[in-house]
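Below is one structure, written out as structure tokens, with a few remarks after it.
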Amino acid sequence: GTTNDKGQYRIIIDAGGGQSQYRVSVKAIGKNPVIYNVARQSDDDRIILNVKLGETPAKLQDLVANAARRPNPDQNENRVTAGESSRSISGEQAMRLPIDASDLAALAALAPGVILTTGTDSTAATFSVAGQSAASNTYVVNGQTTSSTTVPQDAVRSTRVITNSYDVARGNFSGGMVSVTTKGGGNRVTGSLSSGLQSPSLAWGGNTSSAFQAGNTAENFGAGFGGPLKHNVTALFGGFQVHRRLQPSPSLDIADATTLGRLGASPDSVAKFIRLVNGTGLTDQAGAISATSTNDQLTSVLRFDWDAGQVHVITFTGQLNLNGRDPQSVGSTNLPQVGGNNTGNSGSGGLQVTSRFNNGMINAFRGGYTASNSTSTPFLLVPVGRVTNYSPDSTGGVIPTTFGFGGNAGMPRTSNTKTLEFTNELSLISPAGAHRWALGFYGNKQDFTQDATTNQFGTFLYNTLGDFEN
């Protein structure tokens, strides 16, 4: 392109909010050509480059290229800007760390002042900022709020963890915000593959055969590929990750004598309890239940970029996440029939349109829709059964232990969430680039339904095994 009558030239580039690098070449007849390498940080809204060309052309000599490590343009990324507390992690950095790079809560824990709460067999990992609950946090992918806490690690370009809400342009959270920028397609076809294995058998000292002390096995495989649909006009990028976690599910019927001693129960009492429960027919009704809890998860993302001339840049981002866990919520002093399974699905779609007008104004519009649901179903839709057992200990006293059978007091449980969100920012940059005025609007509509009624079928309590037998 050419400059205006004042020698100024403006380029509008949609960098998605992440770090980026550019190579600028300036040429003019009768002038020395110059080349600049410039870098954009996550918090830069524009780059100003002043160029001065020499008066006479210069003849280029032979060029000699020496291989060397390129300076890291992100070395100052972790600096604290005015009023902000944040931490940025590139996708390459996250994949080199000994964490699950697809877990946004684990990435958030890398920021100072963030406390991670590990997940259980029925809940995902969360994090806390300044002692606030996980409900105070929010997750954003390409500028769009999402209910998913995972993103394929091969699709992540950068992640920014913000631990305060000083900026009026950011909202809908009082704890922490995890903002993810995904990779996009370009004029070259690029891709990556990743795989990971975490096995207790690889741990120092080996693994135990007891389900009450054994660790879990995690396996994952992911990929991300992108390229042009039409050079310099449209590009597509897609990524996915499949994750499986296997964890022993401790229950009363698989405990050995040593474990039962720690639980305060004698083997003969447990054998009698199991025999009495089998006599009720509940064990046959529940069917075969695996002693290993399996958690399968599929996470995927799709990004489409369209450069509609010099006026509009359009980006569409779609996400789909599927999750299933079976069994869950069993308990070490309960029979496997007390547990259940869980399925959770979520999907989202977002559109971003950046427009540049001849009067120097720039308009950025984002809109999207997110839907998620989670259902926990017990193996038996029957009342909860609790039996108090008294077993003698080594000192001559007795130890009370409550055995569980039948239904689950915390299931069934369902929840559904639907979110419609849109933002618009109109900005004007002064001709010299020294000032920027912006006017923004944010709208969010959320519908939430949940059935979390506990103990829906009631509970039967037995003071002793004798009471239960009679």
Side-chain angles (χ1 to χ4, degrees), residues 1-4 9-27 35-40 42 44-47 49 73 90-92 140-144 146 151-158 179-194 222-241 299-320 347-369 422-427:
T2 58
T3 63
N4 58 18
Y9 186 72
R10 180 179 300 169
I11 303 175
I12 305 299
I13 301 176
D14 179 21
Q19 303 88 29
S20 51
Q21 305 173 50
Y22 306 99
R23 186 178 180 88
V24 181
S25 176
V26 183
K27 300 178 182 179
I35 297 176
Y36 294 90
N37 292 316
V38 295
R40 175 187 181 276
S42 297
D44 293 336
D45 56 3
R46 59 190 175 278
I47 302 174
L49 179 64
S90 67
E92 292 76 11
V140 176
V141 176
N142 291 342
Q144 183 65 39
T146 178
V151 178
Q153 59 186 16
D154 290 276
V156 175
R157 183 168 67 183
S158 65
S179 179
V180 178
T181 302
T182 64
K183 297 177 182 178
N187 285 331
R188 293 187 304 172
V189 177
T190 60
S192 64
L193 298 172
S194 65
F225 290 92
L229 298 178
K230 183 177 181 180
H231 277 71
N232 298 321
V233 179
T234 56
L236 186 68
F237 181 90
F240 75 93
Q241 181 165 317
T299 305
S300 60
V301 63
L302 181 70
R303 173 170 170 167
F304 171 77
D305 295 281
W306 177 21
D307 185 0
Q310 294 293 326
V311 179
H312 306 289
V313 177
I314 302 172
T315 300
F316 171 81
T317 303
Q319 281 186 280
L320 177 64
S348 64
L351 181 67
Q352 176 180 339
V353 181
T354 303
S355 305
R356 171 202 173 193
F357 304 100
N358 293 331
N359 57 5
M361 301 187 71
I362 301 174
N363 189 79
F365 169 82
R366 291 187 179 96
Y369 179 78
F422 57 91
T423 63
N424 194 83
E425 182 182 84
L426 183 64
S427 59

In sequence, state the C-alpha distance, the side-chain angles, and the governing distance for Leu229 and Phe304, and then conclude on side-chain contact (heavy atoms from CB on, under 4.5 Å).
CA-CA 10 Å; Leu229 298 178; Phe304 171 77; 3.7 Å; yes

Go through it in stages, so that I can follow the logic: the residues are Thr354 and Thr315, the test is side-chain contact (heavy atoms from CB on, under 4.5 Å), and I'd like the CA-CA distance, side-chain angles, deciding distance and then a yes or no.
CA-CA 9 Å; Thr354 303; Thr315 300; over 6 Å; no

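A distance of 11.0 Å separates CD in Gln144 from CZ in Phe422, rounded to the nearest 0.5 Å. Note: Asn187 CG to Asn232 CG = 4.5 Å, rounded to the nearest 0.5 Å. Taking CD of Gln352 as the start and CZ of Arg366 as the end, the distance is 4.0 Å to the nearest 0.5 Å.
At a cut-off of 3.5 Å, with distance as the only test, a side-chain donor of Ser194 or Gln153 sits close to an acceptor on the other residue.
When side chains are defined from C-beta on, Gln319 counts as touching Val151, because their heavy atoms get closer than 4.5 Å. Between Val311 and Arg356 there is no side-chain heavy-atom pair separated by less than 4.5 Å. Under the 4.5 Å side-chain criterion, counting only non-hydrogen atoms from C-beta, Phe237 is not in contact with Thr182. Taking 4.5 Å as the limit, some side-chain heavy atom of Phe225 sits within range of a side-chain heavy atom of Leu193. Side-chain contact between Val189 and Pro228 is present, with at least one heavy-atom pair separated by less than 4.5 Å.
Judged by distance alone, the side chain of Ser300 and the main-chain N or O of Leu320 form a donor-acceptor pair under 3.5 Å. Between the side chain of Asn363 and the backbone N or O of Asn424 there is no donor-acceptor pair closer than 3.5 Å.
Across Asp154 and Gly222, no two heavy atoms sit closer than the pair OD2-C, 3.4 Å. Taking every heavy atom of both residues into account, Pro152 and Gly239 meet most closely at CG-O, 3.9 Å. A pairwise comparison of heavy atoms in Arg303 and Asn142 identifies NH1-OD1, 3.8 Å as the closest pair.
Asp307 pairs in a side-chain contact (heavy atoms from CB on, under 4.5 Å) with only one of the listed residues (Val233, Val313, Thr234), which is Val313.
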